[in-house]
Amino acid sequence: MFYLDKRLQYPVKVENPDPQFARMLQQAIGGIEGEIRVAMQYFFQGWGARGPNPKYRDMLLHTATEEMGHVEMLATAVAMNLEKAPTSLQEAGAADAVVGAVMGGENPRHVMEGMLHRHVLSTGLAAYPANSDGVPFDMSHIYASGNLAADMYCNVAAESTGRVLAVRLYNAAHDKGMKDMLHFMIARDTMHQQQWLAVIEELGGHKGTLPIPNSFPQEKEDQEHNYDFFGSAADGTPPPAGRWTEGASLDGKGNFTVFQNKPLGQEPDLGPARPDSGAQTEQMG
């Protein structure tokens, strides 16, 4: 159940509207690094959380709700940056000083149709749930495995790529208000990275959580190759040495070694095609 507060989570102010930046902000809304992605990821992880301790479910749902507030902030920022966008798709719209500066040397009609088509015709100068190219967010990057440790590692990756995007947007922003909004969002990405890593630490760190799932008896896996780094150079040249090629594994349950990759199985022989398969006669043996 959700409750509505009409005030934004953090102030959103735009002194100099920039339609191009509105388009860039769409990536932070509906891109694979965006806020819809993390909000839905945390919601579904929380809704499906099992276990005797409900605090992990509660934590996920608190953070998912916060991320919805970020979507609202970004949608507001997109709309505010479109204040001076033309409401006509005619080339004359390029006469507007802001839009003209955005378009640069490109064909004005192409830019307006590509950049503003949806904002103008579909949403009335408002944001939409898609990335900066107008591709709708389709939920294909939502990771909710039902394994708490696996989900936390996925969440660290999500917040890391999200922070990378937010930093790039901050660097691209010219408006003081947009930099202010983004510096808040970058700070929240910092916390969320730490938050998910804190859960991993609470679960026992790498040694306690790895390999995932830790509920599978490790003695049932191939003991000869479970900590081998496979080197695949055609001439047999060993791979460069790294933390992953020698020494104790991060979970403390094995030692890294290098294995020169070679065929361990047989050449596949699938046998003849079935008579009812629609194959050629020559394939049926």
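Below, all heavy atoms of this structure are taken into account, side chains as well, without hydrogens, waters or symmetry copies.
Within the 4.5 Å cutoff, the side chain of Thr76 has heavy atoms near those of the Met80 side chain. Side chains of Pro239 and Val258 form a contact here, defined as non-hydrogen atoms less than 4.5 Å apart. Looking at Met181 and Pro11, their side chains never come closer than 4.5 Å, going by heavy atoms from C-beta outward. Counting heavy atoms from C-beta on, the side chains of Met152 and Leu60 come closer than 4.5 Å. Using a 4.5 Å cut-off on side-chain heavy atoms (C-beta onward), Leu25 and Asn81 make contact. Between Phe259 and Thr257 the shortest side-chain heavy-atom distance does not fall below 4.5 Å. Using a 4.5 Å heavy-atom cutoff, the side chains of Phe256 and Thr245 are not in contact. Side-chain contact between Lys55 and Glu202: present, with at least one pair of heavy atoms (C-beta onward) separated by less than 4.5 Å.
More than 12 heavy atoms of other residues, nucleotides or ligands sit less than 6.0 Å from atom CG of Asp235. The local environment of CE in Met59 is crowded, with over 12 non-hydrogen atoms from other residues, nucleotides or ligands closer than 6.0 Å. Residue-environment remark: NZ (Lys253) exceeds the threshold of 12 foreign heavy atoms within 6.0 Å. By the 6.0 Å contact criterion, CD on Gln260 is enclosed, its count of non-hydrogen atoms from other residues, nucleotides or ligands being greater than 12. Within 6.0 Å of atom CZ in Arg57, more than 12 heavy atoms from other residues, nucleotides or ligands are found, so the atom counts as buried in its surroundings.
Here Met73 contributes atom CE and Leu8 contributes atom CG; the two are 7.0 Å apart, rounded to the nearest 0.5 Å. Expressed to the nearest 0.5 Å, how far NE2 of His206 lies from CD1 of Ile212 amounts to 10.0 Å. Distance CD/Gln195 to CD1/Ile200: 11.5 Å, rounded to 0.5 Å. Expressed to the nearest 0.5 Å, how far CZ of Arg163 lies from CZ of Arg168 amounts to 12.5 Å. Here the OG atom belonging to Ser249 is positioned 7.5 Å from the CZ atom belonging to Arg243, to the nearest 0.5 angstrom. Here CD of Gln41 is found 9.0 Å from CD of Glu159. Values are rounded to the nearest 0.5 Å.
The hydrophobic clustering, which links ILVMFWY residues whose side-chain heavy atoms are closer than 4.5 Å, places Leu197 and Tyr56 together. Following chains of ILVMFWY side-chain contacts shorter than 4.5 Å, one cannot reach Leu165 starting from Val156, and the two form parts of different hydrophobic clusters. Side-chain heavy atoms closer than 4.5 Å link hydrophobic residues (I, L, V, M, F, W, Y) into clusters, and following such links, possibly through other members, connects Phe184 to Phe21. Hydrophobic clustering (ILVMFWY, side-chain heavy atoms < 4.5 Å, transitive): Leu148 and Leu61 are in distinct clusters. Following chains of ILVMFWY side-chain contacts shorter than 4.5 Å, one can reach Ile142 starting from Ile29, so the two form part of one hydrophobic cluster.
Nearest approach of Ala79 to Ala126, heavy atoms of both residues: CB-CA, 4.4 Å. The two residues Asp151 and Gly146 make their nearest non-hydrogen contact at OD2-N, 3.7 Å. Of all heavy-atom pairs between Met24 and Ala172, the closest is CE-CB, 3.5 Å. Closest approach of Ala241 and Glu246 over heavy atoms only: CB-OE2, 4.5 Å. Closest of all the heavy-atom pairs between Tyr143 and Cys154 is CB-SG, 4.0 Å. Across every non-hydrogen atom of Ser232 and Asn261, the tightest pair is OG-ND2, 3.2 Å.
Aromatic pair Phe43/Phe2: centroids less than 6.0 angstrom apart.
Applying the side chain to side chain contact (heavy atoms under 4.5 Å, CB included) criterion to Phe44, with sequence neighbours excluded, gives Met40, Trp47, Ala144. Contacts of His183 classified as side chain to side chain contact (heavy atoms under 4.5 Å, CB included), with partners at least two apart in sequence or in another chain: Tyr10, Tyr170, Asp180.
Checked against Thr63 for a side-chain contact (heavy atoms from CB on, under 4.5 Å), the options Arg188, His192, Gln45, Met191 give a single hit: His192.
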Between Arg23 and Val78, is the side-chain contact (heavy atoms from CB on, under 4.5 Å) condition met? List the steps. CA-CA 7 Å; Arg23 180 182 181 180; Val78 166; over 6 Å; no
List the steps, then state whether salt bridge (charged side-chain N to carboxylate O under 4.0 Å, His left out) holds for Lys6 with Glu72. CA-CA 10 Å; Lys6 293 187 287 185; Glu72 182 184 24; over 6 Å; no
Evaluate side-chain contact (heavy atoms from CB on, under 4.5 Å) for Val14 paired with Glu83, printing each intermediate quantity in order. CA-CA 10 Å; Val14 178; Glu83 290 292 332; over 6 Å; no
Audit row: Asp18, Asp175, side-chain contact (heavy atoms from CB on, under 4.5 Å) steps and yes/no: CA-CA 9 Å; Asp18 183 344; Asp175 186 85; over 6 Å; no
Trp196 and Tyr42: CA distance, side-chain angles, deciding distance, ring pair (Phe, Tyr, Trp, His ring centres under 6.0 Å) verdict: CA-CA 11 Å; Trp196 309 131; Tyr42 304 159; 4.8 Å; yes
Kindly indicate, with the supporting measurements, whether the criterion side-chain contact (heavy atoms from CB on, under 4.5 Å) is fulfilled by Gln26 and Asp133. CA-CA 8 Å; Gln26 283 290 157; Asp133 291 323; over 6 Å; no
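Sorted by first then second residue, the salt bridge (Lys or Arg N to Asp or Glu O under 4.0 Å) pairs that include residues 33-51, not counting sequence neighbours, number zero.
For Tyr227 and Asp251, the side-chain atoms include at least one donor-acceptor pair closer than 3.5 Å. Counting only N and O atoms by type, the side chains of His225 and Asp222 include no donor and acceptor under 3.5 Å apart.
When atom types are taken as modelled, the side chain of Asp189 and the backbone of Ala166 share no donor-acceptor pair closer than 3.5 angstrom. At distances below 3.5 Å, at least one donor-acceptor pair connects side-chain atoms of Gln223 with backbone N or O atoms of Gln218. Thr161 places a side-chain N or O within 3.5 Å of a backbone atom of Ala157 that can act as its donor or acceptor partner. Remark: side-chain polar atoms of Asn147 are paired, donor with acceptor, to backbone N or O of Ala149 under 3.5 angstrom.
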